[in-house]
Amino acid sequence: MSDRERDWDFYLRTVSNSARDSSFANDPASDPSLLHAVKKLCDFCRQEEKSSEDLVARVYPHINKLFQRSTASLSQPTSPNGILLLVILQFFLDFGEVVLHDADPSLRTFFRSCLSREFADPVVAAATLDFLNVNKNKLLFSFPNLLPQFFPLLLKLIAWNGEKLEKAFLKVFPGLVSPGSFLPLFPSLVDLPILVVALEKVERSSGSLIGSSIASIQKSAAPEMLLALMDEAYTGSTIGDGGGDSESEESSTIDVADPVFLELLKDENDGLAERHWTSPGVAAVLQAATNSPQSDRLKQILNITPRLLDMYFTIALRDANNSLICALIPILMARNSTLFPDKNYMYEVRRRLLEFMLASFQRSPDFIALLKKPIVDRLGEAYDSPEKTELALQLCWAVGEHGGGGGSHKDAARELFESLELLLYENLSSSRLGLRQESINSDSRNFRKSSQSRLLCFVITAIAKLATYHRELLPRARVALGKVARSRISDSRVWRRARDYLGLMDDPAICLSVLGPSRPSHGYPHNPGTVNWNDGGTKMIAHIPFYILGEQEGPPFHDFSFPDILPRRR
């Protein structure tokens, strides 16, 4: 017998003994030699080209039984099983076709029984991501619903282990996005900092998260709310009325059945669920997180999340269909003002939300008409807070830039126009924007004045653009802009802009060129801000430079003549 054959027999006996009822049966991973033996057997099967199928057939029954015993022992682990199970799963993926083994149930068992208990182990977390990256193409082709199904559990890997796993996680991340996970994945990404806070709270209350089962957590001194939410998240059992003897300090500040925590700590994708940010439990946790020093783990996830959103939005614009993107935009609008209370984090996330929303409108202007109701609602909230004011500004710009959805959506454009009118008149009749106090300091007054002027400029521009695109709205636009021009409010930029737009409307061709649709369509041949100089010989365009000059006084500052820029007849 050759050395190679002796090694094969030795490793096969090691695995066979562990798979049978032995001293290691309750926890096969406690045998230090077992992992090495399984790895060597897998290597033998890969290296033997001629007798590979025979070797696989011989070792498969023992490997499969070892997998079953390992998953059964997870209820009372003495050492992590994740590494051993990942090696066995690799065997199933590599040789499943040879032995007719469907790896899907085994993969799901690993996620539900092992990774849900060992995601906080940095070695298991890193090995899991390496396994997913090595088998990424095979998993996406043969098991396309696996990663989207368990994306909440995989997000725990990056939430708990932080930047050291970011590079590997970004490679896996595209596999988490599918039609079924696209919408629920977004709120989970935005709420990663809240997930970290929740996990840290569980750890402080119940001890290490590595290897902890639900039963052990229930027997610990964890607050009643956390016991209930973990039980609900992992087992699906019904939460009781909250009666019990727990009177801990933390449990007294958090609702027993807070749905946000139930949603955050789940392991599997069960669809898009509403997250109740106004609940007392969430408010208490956010307040505590704001008032206490941030942990290193929380600081890392605050930096990682914007980068994950970048990849999510890139995938969305590249792969998602219009129906999914259209359904996502109202969620973006709602979450714009409900983010983890960290100043830099809120800025980075909001910037990405607004950029994606505007990019979506640019790609599909019809979205503006389809989303008329949520857009009107957000315009009505422009007074509530600075972040809602900024969202209203961007929506005003999009409505005007894309003609309220296009020439085929005249009813929607009219309703959007009416909302802009209402917003304009409310601003003209009140000097307050976003605040209801009678007395405020000078800094707040200056900020409010600047915000009001900026909002008015966006609104009157959107009104002028909508009326240029939909000519039937011109009379109403003239009335609205005329009121602004005559108002002579303290900021001259506002009423002068309204006056300029009224002047443009007296020259429809120029108005169409400057304020017209953002791209040639529906019979409009020009982009905004351009002039077709080839028409110079037949159309009156000589007064265009006077609009360019604006309110400049004195002789023109340019030194060109019209023959220099008009095409000559040949």
With the side chain counted from C-beta on, respond yes when Thr461 and Tyr501 share a heavy-atom pair under 4.5 Å apart, and no when they do not. yes
Give the minimum heavy-atom separation between Asn269 and Gly180, together with the two atoms involved. ND2-O, 3.3 Å
The test is side chain to side chain contact (heavy atoms under 4.5 Å, CB included); show your working for Val484 and Leu424 and say whether it passes. CA-CA 9 Å; Val484 178; Leu424 176 66; 3.6 Å; yes
Nearest non-hydrogen partners of Leu185 and Leu176, listed with the distance: CD2-O, 4.3 Å
Indicate yes or no for a side-chain donor-acceptor contact from Asn135 to the backbone of Lys138 under 3.5 Å, with no hydrogens or angles considered. no
Lys483 charged N/C atom sitting above Tyr425 aromatic ring, 6.0 Å / 45°: yes
Side chains of Asp342 and Leu298: closer than 4.5 Å at any heavy-atom pair? no
Can you find a side-chain donor-acceptor pair between Gln300 and Asn161 that sits under 3.5 Å? no
With a 4.5 Å cut-off on side-chain heavy atoms, are Ile375 and Val399 touching? yes
Which pair of non-hydrogen atoms, one from Leu147 and one from Gly175, has the smallest distance, and what is that distance? CB-O, 3.5 Å
If only side-chain N and O atoms count, and only distance matters, is there a donor-acceptor pair under 3.5 Å linking Arg335 with Thr338? yes
CD1-CZ distance between Ile460 and Arg499, expressed to the nearest 0.5 angstrom: 11.5 Å
Are the side chains of Leu146 and Phe111 in touch, meaning some heavy atoms are under 4.5 Å apart? yes
Please determine whether a side-chain nitrogen of the Lys or Arg among Lys372 and Asp411 lies less than 4.0 Å from a carboxylate oxygen of the Asp or Glu. no
Do NZ/NE/NH1/NH2 and the carboxylate oxygens of Arg414 and Glu472 come within less than 4.0 Å? no
Output the distance between atom OG (Ser364) and atom CD1 (Ile325), rounded to the nearest 0.5 Å. 7.0 Å
Taking the side chain as everything from C-beta on, heavy atoms only, tell me whether Leu371 gets closer than 4.5 Å to Phe361. yes
Between Asn322 and Arg363, do the side chains contain a donor N or O and an acceptor N or O under 3.5 Å apart? yes
Taking Leu139's backbone N and O only, do any of them form a donor-acceptor pair with Ser142's side chain (distance below 3.5 Å, no angle check)? no
In this structure, are over 12 heavy atoms from other groups packed under 6.0 Å from Lys164 atom NZ? yes
Leu324 backbone acceptor or donor facing Asn321 side chain under 3.5 Å: yes
Lys/Arg-Asp/Glu bridge criterion (N-O < 4.0 Å) met for Asp384, Arg378: no
Take atom CZ of Arg493 as the centre, draw a 6.0 Å sphere, and report whether it contains more than 12 heavy atoms from other residues, nucleotides or ligands. no
Before accepting this row, confirm whether a basic side-chain N of the pair Glu355/Arg352 lies closer than 4.0 Å to the acidic partner's carboxylate O. no
Tell me whether the rings of Phe186 and Phe313 are parallel (<30°), tilted (30 to 60°) or perpendicular (>60°). tilted
Hey, could you give me the CG/NZ distance between Leu420 and Lys465, rounded to the nearest 0.5 Å? 12.5 Å
Tyr312 ring center within less than 6.0 Å of Phe182 ring center: yes
Give a yes or no on whether a salt bridge exists between Arg454 and Glu390, defined as a side-chain N under 4.0 angstrom from a carboxylate O. yes
Rounded to the nearest 0.5 Å, what separation is found between the CD1 atom of Ile158 and the CG atom of Leu165? 5.5 Å
Any side-chain heavy-atom pair from Leu195 and Lys156 closer than 4.5 angstrom? yes
Shortest non-hydrogen pair, Leu455 vs Leu393, comes out as CA-CD2, 3.3 Å
Would a distance-only check, ignoring hydrogens and angles, find a side-chain to backbone donor-acceptor pair under 3.5 Å from Ser178 to Pro148? no
Separation between CG of Asp267 and CZ of Phe119, rounded to the nearest 0.5 Å: 7.5 Å
How close do Ile301 and Ala159 get, heavy atom to heavy atom, and via which atoms? CD1-CA, 3.8 Å
Test side chain to side chain contact (heavy atoms under 4.5 Å, CB included) on Val196 and Phe340; report intermediate values, then the result. CA-CA 11 Å; Val196 169; Phe340 185 83; over 6 Å; no
Locate the shortest heavy-atom distance separating Thr468 from Leu512; write the atom from each residue and the value. CG2-CA, 3.8 Å
Walk me through it: do Arg476 and Ile463 pass the test side chain to side chain contact (heavy atoms under 4.5 Å, CB included)? CA-CA 9 Å; Arg476 295 175 63 174; Ile463 286 176; over 6 Å; no
Pairing of Asp500 and Arg496 as salt bridge, 4.0 angstrom limit: no
Run the numbers on Met357 and Leu395 for side chain to side chain contact (heavy atoms under 4.5 Å, CB included), then give the verdict. CA-CA 9 Å; Met357 185 176 64; Leu395 290 174; 3.9 Å; yes
Any Leu422 side-chain heavy atom under 4.5 Å of Glu418 side chain: no
cation_pi(Arg297, Trp160) dist<6.0 Å, angle<=45: yes
Side-chain donor or acceptor of His402 paired with backbone N/O of Ile368 under 3.5 Å: no
Spacing of CD belonging to Gln394 relative to CG belonging to Asn336, to within rounding of 0.5 Å: 9.5 Å
Beyond-backbone contact of Phe151 with Val177, side-chain heavy atoms, under 4.5 angstrom: no
Would you say Thr389's side chain and Ala382's backbone share a donor-acceptor pair under 3.5 angstrom? yes
Arg307 side chain vs Leu170 backbone, donor-acceptor pair below 3.5 Å: no
